[in-house]
Structure formats: structure tokens, C-alpha cells
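Because only heavy atoms are used, hydrogens play no part in the values below, and waters and symmetry mates are left out as well, while side chains stay in. Position 1 is the first residue of the sequence; numbering continues from there.
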Amino acid sequence: MPCSSIETSNNFCGGGDGGDVNGRIHNFKLNEHTFLASLMPKKEIGADRFIEAHPHYDGRGAVIAIFDSGVDPAASGLQLTSDGKPKILDVIDCTGSGDVDTSKVVKADKDGRIQGASGASLVVNSSWKNPSGEWHVGYKLIYELFTDTLTSRIKKERKRKWDEKNQEEIAKAVLHLDEFDQKYTKVEDLKLKRAREDLQNRIDLLKKQGDSYDDKGPVIDAVVWHDGELWRVALDTQSLHDDRKCGKLADFVPLTNYRIEQKYGIFSELDACTFVVNVYDEGNILSIVTDCSPHATHVAGIATAFHPQEPLLNGVAPGAQIISCKIGDARLGSMETGTGLTRALIAAVEHKCDLINMSYGEPTLLPDYGRFVDLVNEVVNKYRLIFVSSAGNSGPALSTVGAPGGTSSSIIGVGAYVSPAMAAGAHSVVEPPPEGLEYTWSSRGPTADGDLGVCISAPGGAVAPVPTWTLQGRMLMNGTSMASPSACGGIALLISAMKAEGIPVSPYSVRIALENTSIPVGGLPEDKLTAGQGLMQVDKAYEYIQKSQDLSCVCYQIKVNQSGKSTPISRGIYLREATACRQSTEWAVHVEPRFHDDASKLEQLVPFEECIELRSSNNAVVRAPEYLLLTHNGRTFNVVVDPSNLADGLHYYEVYGIDCKAPWRGPLFRIPITITKPKAVLNRPPLVSFSKMSFLPGHIERRYIEVPLGASWVEATMRTSGFDTSRRFFVDTVQLCPLRRPIKWESVVTFSSPTAKSFDFPVVGGQTMELAIAQFWSSGMGSHETTIVDFEIVFHGIGVNRTEVVLDGSEAPIRIEAEALLASERLAPTATLNKIRVPYRPTEAKLCTLPTNRDKLPSGKQILALTLTYHFKLEDGAEVKPHIPLLNNRIYDTKFESQFYMISDTNKRVYAMGDCYPASSQLPKGEYSLRLYLRHDNVQYLEKMKQLVLFLERNLEEKDVIPLNFFSEPDGPVMGNGTFKYSILVPGIKESFYLSPPNKDKLPKCSSQGSVLLGAISHGKLSYAGEGKNPQKNPVSYQISYVVPPSKIDEDKGKGSSSASTKPMAERLQEEVREAKIKVFGSLKQDSDEDRSEWKKLAQSLKSEYPKYTPLLVKILESLLSRSNIGDKIHYYEKIISAADEVIDSIDADELAKLFSLKADPEDEDSEKNKKKMETTRDQLAEALYQKGLALAEIESIKGEKPSALAASEAVSSDLRSDLFEENFKELTKWVDVKSSKYGTLYVLRERRFGRLGTALKVLNDMIQDDGEPPKKKLYEMKLSLLDEIGWNHLSTYERQWMHVRFPPSLPLF
């Protein structure tokens, strides 16, 4: 996710002079010049001094790839470079979130019209060149291209306008009702009552629609064609404009791929949203590129913005150019995806970029590992790109750096620094800090494998450009997201100078120059874990590069392992746990020079030899050899670390190598050594307190505690005193466990006055816990009062022999053994099952090679895609969450490239999308498909995934949640005695109890064999908590699962079957033959004329053989209804009527009615059989009447007949000809509820015939709502025609937009 936050700032004030960048400042004041400069900080990193000395080295010649949420090419300062070149060379959506399927090809008619993919009739501009005459068409719901913020603004404006139109129609409807009431003072006649009811229904419908309004947004049509030279794109955006004359396709100025002409469009004045287009796959895929947040534009502005009228607001490198690589997927908010990351790297190499800036990141369980890291290593080592990334915003605790910026060796990870000037200007604090410092939230090192984590620091806040749709020019954001482009812009200045002076550009030489010329932030060795080597200085780094330009471009790869152990391999030494901090250890360090892939073996690798002097920052603790002769193949040496005499707390040391012949180069490599010696908790009960800690703004106190074995949760109290204005604190705890992401608990607390606050959180016994308490960097500024903090921690724990419990589906209970190792604890177990997880295998697997160059790796390999399809059905609406154990919850620390899923119904409506972090989605009852999309260039990996198991997880409704019982006896679950409630655990004495499986009768209906019920079990409670039944509300809970066994055998199955038939064998045989013939007849195809002719002959033959046999006649009617490719529609519907009449005539309606009037005896088996037979016959009769009525209405519609007498009034005199439709309808009403969802269509048609459109719409809406199946397109099409007929254009427009959501022509692209 993006590593930034947005702050609103105002009431800027200034006056006076500034001071030294990093030194202590007294009486700091701003003037207009220093105020403007503070909004876009450059002085802090020496960028202003460098450009002043070298005005032409302002980034010219450097190209930066911005891996982010998408840059707005219309934003202020992002049009031109300082030397007049286009600022943005290309804008690419690497995620596919803006892709439009334009594979459908149409041709224009003689009037120049084409049918758009949305169904709209579009006029193409006659001046557009299209030699082939082929137009590729597609469409897009506009909200899919907008951010949530923009969508919310547009929805609000559209709702206001829609409400105005709806109120107008309500006023008209009320007026018509008033006129009716004035005309008919007494409404006793049935026909008048129905007419008034219709008028009232219109009012009710309009009001109800206003309450249920849910704007899915306008639809835009896209047209793609080849003009003989380039692919061109035009959009029809009429639906976005109030004036329908605006936004027409023919008036659109055609665009082409952005990199060719650098042109963009704006959808409408209302949204002010900029977009660009790119065409792929020979016109079959159109990518409409918009940004998914202001983040990327802000980042690009910090790095490169150029404001000729206000140079103080320029970005760091105003002469640099950029390409925008959108890695934030708009379908997921702005979350990055593996697809986006891979395509972005491909684009950066293709455009021959010099730099990559990526202000995104996530926690990771394995540092410097994964598919993306492998690709980054290739890009850096082979193509010499310099990769800069944010370290993360998860501080102030240690080991919080995120991937990839803070955890990958090939990437320059950047921490966030704030200077006094930034605090006073950009942040508008009352009184700035006396000296610069890291932001409180900036992530800290080291990584889990001991690497420093943060490489350098740069200003982490700025007021920079934002997209036009925000309706403002710039805004303040802060985060390591802002520090990264600040550093990246500074490096662009260095590249600009290096290219101009002919110095080879290498990420290796640039990185060492930055690290060895940075200004330290803070005066303690351990401050490097916060700020890296310090605040970068562009001018000093440039001097270093000039001086070292003739040296080999080489980096030094460090591999460390404890002597005698081959694993794990790390990049530093990190002694964190108590045992390691109490004894001396020896480590083998392997240093290997790394050259670029194109380095000459004979001219560079063979002659490479360096005499290295090894130095330790503290020989009393860390000892290393004095010298090392280093050649290309690397050398190994030993380091001894003795922390035994160190005090409790944090200690940081380095072993570094100095070139004996050129010591001015500074450290060529460093081996970071971090020691966090924990405090042992020996007293019982286990309590530790830290008293009278003093805090000023930005101050951090770190305490390291050896969590006692047996502890599983903490109850803590924080007391504050000694201050006046409110204080804001970050309280973090972190524990590290192998192959897990850092276990972090955090809380941000504000004290408005001296008081105490309590916390509780889980811990892992036996592992060191860091407690980091920090007063927020800007909290309490101007107060001058020190905050005193007392922090008390009490450890609690109940140890059990089973943490995660699996109930195997049998009736046997699970024995659980519990003990308290630290102090007496109340053992009060509670467990519930509140989720169900159902496994699925794919029903289809499709493997394909992706066709476009955007999916072709720099190595030349083409990426492949595997699409797996899973089908599932929900009997009731439910909240569903897909779960793929192999792939979920990992973006960077996985060797698989990417994953993406879509859930759609039988109408192809997409209900949910997601990637490695699946979310729960509410789905209505129905059948669904889940398509899972996996990518990689290795076909063998994908082949192994073809039978990938996927789980669908759903939360049980509250009434279905299963509480589990506990017993003190093994037979308790069966006998019902020996219930276990609670006990007091005494240290040294174990107790046991039994967990009962759930009662089989309480299993939810949706639990099939092989499903797993999930929940939580807890054993202890907070000392101050009351009784509670939810284990997840207790401080520590563990997963519990129950494997659903096979269902019990239905004992009644097979019983109650009829006794042997009394019919003779010959008669039964004849019946079987008849039914078989009818079955075969029903399966016959009717695709061709020949098929239909054969079908007709067989139908006549069977009717002759079995005259007036209702099931046969029903099958004939069904076969007619199933026909497609109908020619003469009137003739076809007349056949339907004839077939329906035959069914009706075959049934003795009077006899059937008589039988229904008799009450059946439920105890009489024959009586029940007759009842079912009667119900079947009745349904057959009703269906025939229903289909006949529909056919009569269709013939009326085709002929254009409308019974005028009926339309005007129901007062039909007896001398008029009989109305067949009405007669048929009245017959149907005798047998079924004609307002039901099954037969309601006919009722709607009848009301429409009588002109009662309000009533027709009401019935139709009720049918749609009552129908439990997926929406039927025919019902909505009927609704649209009624709305058009009644004249409610605003409602018909609204429903047409929804049609594209409910019934898309195809599934969207991945």
C-alpha cells in the first residue's frame, strides 16, 4: 500500500530568518522565501546548493519510472521539463484495472453509424481515416475508472440533479391524483378504484425509487480503429453531460498511445478527471488510464515538478522526465498487485529508465526474498537501474521496515526526516523543533536477518501537485512515500551530472556515494537503525562520484552465518533473544564483490583486488581481523561478538571495510550488528515497571523484555503526569519469530490531561519483546513541559498442550491440559464455531500465453496465465470470502508472480474482486463462478496449480453460531454430566478438561461432508473483565476447527414406497414405452428446417398414438417454446397458442376443480398421491394458460394492435368482440396467484393493456424483489419499456445504467 498520509494545513505565517539545516536552531522564524522553500524541501539534502552551482545538472537527461497509483499528466508542474521537453514520456496502467475488451468488431452503415458495445447508436466522424472500415467497440462503467473520493463527489452532484427531476415527476403525479379526486368525489366503481390505485402507485413508486437510489454511474462507449499508421481511440461520453449535445463520439479528438503523442483527455467538466489511452493486442484491448489516488502525482511532483513562475516550488529535479507506471489497482482501492509490479519493471527497462521510485510497501515474513525481488535484482544488476523505495510508516519500534524498500539489498530504502523549516512551514507548528529528526512513524531497521533496513533519509513531507479531479493544485502529504521521491530526485541530479560529464552511471557507485556522504541524524550509533547512514547530501555525493569515477563499479554482497551452522544465511548479525545476548558467539562473514552483468571478465573481474582494512566500531564487543585481501571470488572472515557485559537495552555496532589505498572512500561495506539485550522478569507474579520516563516531542524510549516462558498475554498500564496541553503517544510492541511477519501490537493514545490508560495484547513466551513509547514528533511543541510516563506490565499466561484444536468429526471429546507457569490464573475456557470453510476443486483450467509485449520479461520470456474456474451455489444470501492457503497474504515474499479472482453470477455480473488479501463479499442466493487468474513465466509452476484447492469461507449467522461445551469427564458429552465451568490454576499443578464436539443437530444446513467449521477457543480472561462468551474478545484465542463428517443416513429413505403395482405387466410396459418416447422426443433438436420438419412429423405421430395425453402435449408446448431463430413471429406465436389450447382441452377443468374442493387425508397414501397428481395437472394447465396469454400479447404487440376501448377504459360493452387475452387471463386467475413471480408477467401485460402503467410497474417491481433467483433480463427490459411509456426518462436512464451492471455482455478482463 502507499506509504503516506494526507494532512490539511492552513494559516501559514512567516517572518524572520532561518537557520542551519540540521543544527540546533534558536528563535527560528520564516519569511516568504523560506516559507515557500519549506513547502518543497530541497535545502535539507543540498539539492538547492547543487543546482545553484550546476544549473544544467537539474535532472536533465534522467528518466524516472514512478511505480505508484498513476500520475495525472494535467497536474500543475508536470507538463514540461526545465529545458522544454515533455515531462511525462508515458503513462501506463500496469494493473489492467482500466482495460476494456474491444475485441468486438463492427462496420458502419451508410449513414456512418455503428452500434456501440453498450447498445447505443454512435455516429463516427467522417473525417476519421479507417482504411479497413473495422471499428473495435467496448464500453466501461465510468466509476470503475474513478477513485472512491471522486466517485463520492460525482454521485452527490448527480443525486442532487436526479432528485430535482424525481421531485418534478412526483409533483406531476400528485397533481394528476388531485385532479382525479376532484373529478370523482365518490370512487365506488371498481374500474375507477383501479384507476385511482394506479395514480397512487405512480406516486409511491417515485418516492420509493428516491429512497432506494443507488447510482452505478454512467457508461462510456469506446471505439478503437487503425488509421493506416496508428491505433486511434475515441470515447462517447454523452452520459456524463447534462447537455446531450456534448460528449458525442464524433466530436471527440482521437487519441493514440500516450507515448507517441503525449496527449490526454478529460471526461467532463464535472469530474475534471484526466485520462490517457493505450491500445494492445491489435486493437482488442484498450487501456483507459486514470490515477487511483493523488499519491503518485504528489510523488512525481516532489521528484520532478517544474514551476517556471515559482521556482521555489519546483521538485528536486525539475529537468528530469518520468514515466508513470500505475501499480495500484483501482479495483482494489489502490492496492498493488503482482501483475502491476511485473509489468512496471518491464516498462522501466523498455523505456531505458535510469531510476525507479516506488513509494509502496507491505510487511514481509522473509526479507530480500520473492519473485519481485528476483526481478528487481535483474533490473539493477543487468540494466543498471537505480531503485529507490520507501522504508515504511510502521515505526517507531525496531524491525518494522517494509518490503521491498526496507528489506531488499538491491533497493535504496529511504526513511522520513523532518527539518525545523518543514515543521514551521509545511506543518504549521507553533514552535518548530530545535533540530531535525526522523518522523515518529518512520519505519526502523534492522530487518529480521540483521540488515540495516534503512539506507538513507530524506525529507518526508511536502506540499506538492495533486490531480486535477481533487479541484486543488497541491496539498500536504507526509510519509516515507514523500521521502523516497525526494531522495530519488536528488539521485536524478547526480545522474544528470554523471551523464553530462561522461561518468558511467551505476547503482553501485551512486549508493556508496550517498551512504558515505550523508549527514548523521542523531548522535548515537543506534540512530542508524532509524535514519540509515543519515540525511543524504547531493552536493557531497557528487564530489564523491567525481573523485571515484575511475574506480570499478562494484557492490559488496554480505552473507553471514553463525560458525558451525550453514543456515540461516543473513545479511547482518542480530542478537535479539536472551540466550544469544548472554554469551560470546562467532560468525562467518562472506564478502563477495558484485559486478554488473556486462562487466568484462578479463578487464574487470580478473584484475580486481583490494586491500581492505577491517574496523570495528567497538572492539570490546565486536572483534574482527585487521586486514583482508579481497578478490572477485570473495573472502570469508570471522567476527566474534561478546554482548555478555552489556547493559540491558539496545546496542548497535558495525564492522566495516576501508580501502587501504584510498581511505577517503569511506566504508566499502558494512556488517551491521544489532543487540537488543532484554531485561529478565524474575519476580512473581511477573511484573515489570518503568518509572519516571521523561518525554519531549519526538523522544522515544525503548525497553527490551524477555517475555517469561508461559506468558501469553500482557495487561499494561500507562500513567502520565507533568504536562499542560494534550500529548499524543505511539505505543508499540514487537516480537520476532522465525518465518513470521513481525508480531506487532500498536496503539496511538492521546492524553488530554494527566491520567492512566490500560492496554492488553497477546505475547509469545520466551521471545524478546520490544516496548517502544514515543511522544509524537509535533505533540506538545510550544509547551516546554516534560511529560513523565510510568509504564507497568503484568504478564499472564495459561499454557495448554493444544493451542490449535482440530475436532475430527467423531463424537469423542478432545482432552486439553492446562497449567499456569507464572502465577495463579482463572481457567475459564470458552469456544465457539462461527465460520464455515468449504473446499472446492476447479471445474476448468485454461493455460495460455499472454499476447502483448507488456507481458514480455526483459529476458525475452513471455508470461503465461492460468485461469481456474470454480462453481458454487448459495441456498441463501451469505457473506463469502475466498481463501487460498498457498497464495494468500503474500505479495513480495512469494515466488509466485500474481493472483486475482472475480466472483460472478450466471448473468456475468461481477460481485467481488480481489487478490492476495481476499475480502468478504455479500452475495445473494444463487449460482456463482469464481475465476482465479495466476501468472508466471514458468509453465511447470502453473501446471502444478491446475487442481489448486480453494476454500470459500462464510460467517455463520448469529443464530447459527455454535457454542461448544466443556466437561470434566470423558463421557460427559454423551451422559450430559460433569460440566466444566472454571477453575483456579496454581503454578506447578496441571489441570485437564474435555472439549466436546458440536451436537450434530446444530450443524448449519450449508455444512456438507468435508467442510470445516472454524472458530476460536480461549482459556483465560483479563483480570478486570467480566463474564463473556466470545473467545475472540479475550486477550488470547486460538483457532479451533471441526471437520464435518458424513451426513447421517436417512432412515425414512425408501420407506413409504408404494406396494407392488396392481397394474398388469403389459400395461406397465406400455406406459414405460410411452414415457421413453416422450423423453426422446423432448430431447430432439430443432436447429435446422430439416430438424423442425422431422420434429413436426414425430409430434403428429405421437399425438395420433396417444391422443389428448397431457404430458405429451406439455412436452410439445415446451419444445416449441425452446426454439430459437424464429422467422415469422406471428405464425410462431399462433403455433404456441394452438399447442397451449391442446393442453388446455386435454384437461377436464371442471373435474379438476371438483377434486381440489375435496379435502385429502394426509394419512392415506393413495389420497396423497392423487393430490400430487392433481397439483401437477393444475400446474400444467396454468402454464399452458400463461404461455397462451404471453403469445396473444406478443401477437398484439407485433401487429401494433392496442384495444383502444381497453386502453381508455374498462367499460367494454357486451356488443364488442370477445377479448381472447382477457378471457384467458380470467381463466388463469382461477388456478394460480397471477401476481406471483412465476405468472406475474401476464398480470403486468394486462395492466399495461388497460393503461394502468403505475400498477403494472408496481407488480413488476414486486416480482423482481420476490424472485429468489438471479435477475431475469426480460423483467428488467419490460420495466424499461414501461418507464419509457410512462415518460419517466430520469428513471429509464437510471435503469439502463444498471442493466450494464446486472447483465454485462461478457466477463471483464483480468
Side-chain angles (χ1 to χ4, degrees), residues 18 20-22 33-34 36-38 40-64 77-78 80-87 300-322 353-355 357 384-386 388 412 414 419 421 456 458-459 462 485-519 534-551 553 664-666:
D20 183 82
V21 171
N22 221 18
H33 178 91
T34 55
L36 291 174
S38 75
M40 186 67 80
K42 295 181 280 290
K43 181 179 181 181
E44 287 80 352
I45 59 172
D48 58 342
R49 299 190 300 271
F50 180 81
I51 291 179
E52 189 177 338
H54 310 283
H56 295 296
Y57 298 166
D58 62 352
R60 297 174 201 188
V63 180
I64 306 173
L78 296 180
L80 296 172
T81 64
S82 55
D83 56 347
K85 293 178 181 176
K87 172 65 68 177
I302 292 172
T304 71
F306 174 57
H307 300 283
Q309 305 303 318
E310 192 55 79
L312 287 172
L313 295 178
N314 282 349
V316 179
Q321 295 176 293
I322 64 172
C353 293
D354 302 289
L355 283 148
N357 182 86
R384 297 181 176 238
L385 273 78
I386 301 170
V388 187
I412 298 173
V414 187
S419 68
I456 55 172
S486 179
C488 190
I491 298 170
L493 301 181
L494 297 176
I495 290 174
S496 182
M498 293 169 78
K499 284 187 172 184
E501 297 188 5
I503 302 173
V505 176
S506 165
Y508 305 157
S509 58
V510 169
R511 179 171 184 147
I512 196 170
L514 291 170
E515 290 180 340
N516 287 341
T517 59
S518 294
I519 298 174
L535 186 63
M536 69 176 287
Q537 299 295 302
V538 176
D539 50 347
K540 301 297 182 186
Y542 174 59
E543 292 172 7
Y544 186 101
I545 288 170
Q546 281 186 311
K547 195 171 181 180
S548 59
Q549 60 181 301
D550 295 328
L551 299 172
C553 293
W664 59 266
R665 294 173 67 189

Problem set entry | Inter-residue atom distance L493.CG - H54.NE2, 0.5 Å rounding | 10.5 Å

For this session: State, yes or no, whether a side-chain contact exists between S509 and I545 at a heavy-atom distance under 4.5 Å.
Result: no

Problem set entry | CD-CD distance between E543 and Q537, expressed to the nearest 0.5 angstrom | 10.5 Å

Problem set entry | L514 and L494, any side-chain heavy atoms less than 4.5 Å apart | yes

For this session: Go through the structure and list residues passing side-chain hydrogen bond (donor to acceptor under 3.5 Å, both in side chains) with S518, not counting sequence neighbours.
Result: none

Exercise. Out of curiosity, I386 CD1 to I491 CD1, how far, rounded to the nearest 0.5 Å?
Worked result: 6.0 Å

For this session: Return yes if some donor-acceptor pair links the side-chain N/O of K87 with the main-chain N/O of T304 below 3.5 Å, else return no.
Result: yes

Exercise. Does D354 use its side chain to pair, donor to acceptor, with the backbone of A492 at less than 3.5 Å?
Worked result: no

Exercise. Has the side chain of K499 got a donor or acceptor atom that lies under 3.5 Å from a matching backbone atom of G61?
Worked result: yes

Exercise. For the atom pair CD1 (I512) and CZ (R665), what is the distance rounded to the nearest 0.5 Å?
Worked result: 5.5 Å

For this session: Supply the atom-to-atom distance D539 CG to T517 OG1, rounded to the nearest 0.5 angstrom.
Result: 8.5 Å

Exercise. With a 4.5 Å limit on heavy-atom distance, are the side chains of M40 and L312 in contact?
Worked result: no

Exercise. Within the distance-only criterion (no hydrogens, no angle test), does the side chain of K43 pair as donor or acceptor with the backbone N or O of R49 below 3.5 angstrom?
Worked result: no

Seminar exercise, completed: Separation between CD1 (I495) and CD1 (I503), nearest 0.5 Å, reads 12.0 Å

Problem set entry | Those residues that, when tested against Q546, pass side-chain hydrogen bond (donor to acceptor under 3.5 Å, both in side chains) (two or more places apart) | E501, Y542

